[in-house]
Asks: 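One structure, as structure tokens, below. Some questions next.
Whatever order the structure lists them in is the order used to number ligands and atoms, beginning at 1. From a predicted model like this one, the values you see are computed outputs, not experimental measurements.
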Amino acid sequence: MDSVPNTQRATLALLPSQQMDSRQLYFAMLDERCSTVGQIDELSGSISRGFLLEQLSVAAAIHTDFPAEMRSLPDVLRSAHDQVAQDYQCYLDERGTGSPRRYFSCRSHAMYFLRTVAPTKLVDGAWLYGLLQSWQDPRLAPLIRTYLEELGCGNLLQNHVQIYKRLLARYGCDKWQDGPNEHFTQGAVQLALAHNADEFLPELIGFNLGYEQLPLHLLITAYELNELDIDPYYFTLHVSIDNASIGHARMALQSVLDCTPRLGDAAEFYRRVGNGYHLNLVGMGTEEAIASFNLEQELLRVLADKALSGAKLHSDYCLVGGRLVSEWLSSSGETSELLQTLQSTGWIRRGKSLEQSRFWRLLTDEQAPMFGVFDGYELQLLKDWILDDADRTPTLKRFRIRPSNGHVKVTVVPQSDATIEQIIAHHIGREPKPNSCADVDVLFQQLAGVDTKEQAFAVLTGMLSPANHPTPAGLAATRLYADLFQHVT
Ligand SMILES: [Fe+2]
Ligand SMILES: [Fe+2]
């Protein structure tokens with residue numbers, strides 16, 4: 001994953017949070033590859049705290065269904081869940097009678113959405129990271145378990161961040177890092193909570209409660225992705241793993257009840273939980289991300305982007321509309337005119353089959369001179385724009401969300417009475433020799449000689465950070481952490 005270069009990072013450290021945008025903060029917080037909980041550097045410590053306070057004040061103005069009385073909370077959540085189920089049934093009925101898709105106008109629209117929400121999805125679960133240091137607190141055990149399950153308990157195929165990365169790569173959507181600021185706000189909030197878990201524990205618990213509820217948009221997104229022949233697994237997985245009966249939504253509610261002070265100020269705690277619940281809604285949400293798509297504008301953006309790198313790469317016999325391609329690409333602000341000229345000169349025949357457009361063949365034919373210049377998403381944009389509704393009738397595929405059998409729950413240790421040394425030795429013994437990743441060897445070297453739970457968790461925790469957990473060493477650390485955690489709880 002991209003990170004902020006060191007020089008830029010040094011500059012960031014001098015800036016108050018008001019002068020940093022969400023994107024800068026996002027990468028700065030994610031850059032702390034080796035940080036351990038409790039040892040957050042000044043950059044993320046103070047700046048992320050300021051950012052969190054700002055976002056909490058933004059969140060305070062957002063209206064939600066969060067009830068004023070804690071005793072109403074279970075009922076309110078249950079009826080919200082029932083409403084989602086009912087609304088989804090209405091959606092299915094509408095679609096069954098021929099209504100068009102509600103979210104995605106075309107396949108590139110869906111791919112645009114995947115890219116837009118990538119900064120959030122690629123830190124999935126991050127807000128819970130800061131709780132790992134509290135592994136001895138039984139009230140927080142369900143939340144730590146939730147985090148471990150977000151990480152697939154160290155199974156590469158079940159790690160949610162890795163699942164999303166594979167989804168982006170599979171459809172050529174992995175160029176998301178240069179998106180506008182608003183794409184990064186929600187992910188930055190999640191990372192800021194990770195870095196400030198102690199101080200903002202009630203807000204974190206409330207944020208988790210809101211995040212783990214089943215939203216209608218998750219169901220519709222999964223349905224329409226499938227219809228557009230895009231693997232919906234990441235989304236269907238969350239329909240099942242976050243379920244309200246035994247899944248993350250139930251554990252989220254339980255943690256609110258368990259963490260409510262018995263002797264302290266319960267009303268104040270609950271007020272802050274509500275603030276965290278509202279915090280879910282800052283930044284760009286799913287429906288806003290979907291509504292921000294404009295096919296032609298997005299195509300023009302991509303072409304302008306290509307012009308920057310392609311201007312000097314065309315020879316002087318490449319002409320469009322009597323003008324050198326290199327001239328077209330060097331003059332900024334003429335992308336729209338270029339697109340018009342490509343049409344008027346027959347390079348693009350809009351509304352006709354793709355093969356009739358010479359420009360399309362230049363990009364996609366075997367040994368075509370521009371083969372590989374556009375990624376999967378960019379090609380799909382061009383394709384949808386050329387076809388111009390001519391061939392966009394939805395392929396109505398049958399779709400039912402089934403409980404995913406692929407996700408893992410926190411695993412069971414080899415023997416319940418195993419010692420710490422035995423559990424660590426068991427994990428080291430399962431690793432391939434020699435290990436293809438040097439970091440894994442270093443991790444196990446660090447664990448050699450560890451004989452207390454405290455030492456083991458101290459070594460492992462930093463490797464479960466949002467930046468580290470999707471790596472081979474992070475996954476190995478997660479597997480061991482999950483076993484140890486099961487052992488002590
Ligand atoms: Fe997740
Ligand atoms: Fe979840």
Asks: As a quick check of understanding, evaluate side chain to side chain contact (heavy atoms under 4.5 Å, CB included) for Tyr234 and Arg166, giving each step before the final call.
Replies: CA-CA 10 Å; Tyr234 178 87; Arg166 287 193 292 276; over 6 Å; no

Asks: Could you please give the number of protein N/O/S atoms within less than 2.8 Å of the Fe ion (ligand 1)?
Replies: 4

Asks: With a 4.5 Å limit on heavy-atom distance, are the side chains of Asp65 and Tyr277 in contact?
Replies: yes

Asks: Given His248 and His238, is the side-chain hydrogen bond (donor to acceptor under 3.5 Å, both in side chains) satisfied, shown in steps?
Replies: CA-CA 9 Å; His248 293 177; His238 283 84; over 6 Å; no

Asks: Less than 4.5 Å apart, side chain to side chain, heavy atoms only: is that true for Ile144 and Leu132?
Replies: yes

Asks: Do Arg23 and Asp21 meet the salt-bridge criterion of a basic N to acidic O distance under 4.0 Å?
Replies: no

Asks: For Tyr223 together with Phe104, are the ring centres under 6.0 Å from each other?
Replies: no

Asks: Considering just N/O/S atoms, say which atom of Glu212 is closest to the Fe ion (ligand 2).
Replies: OE1

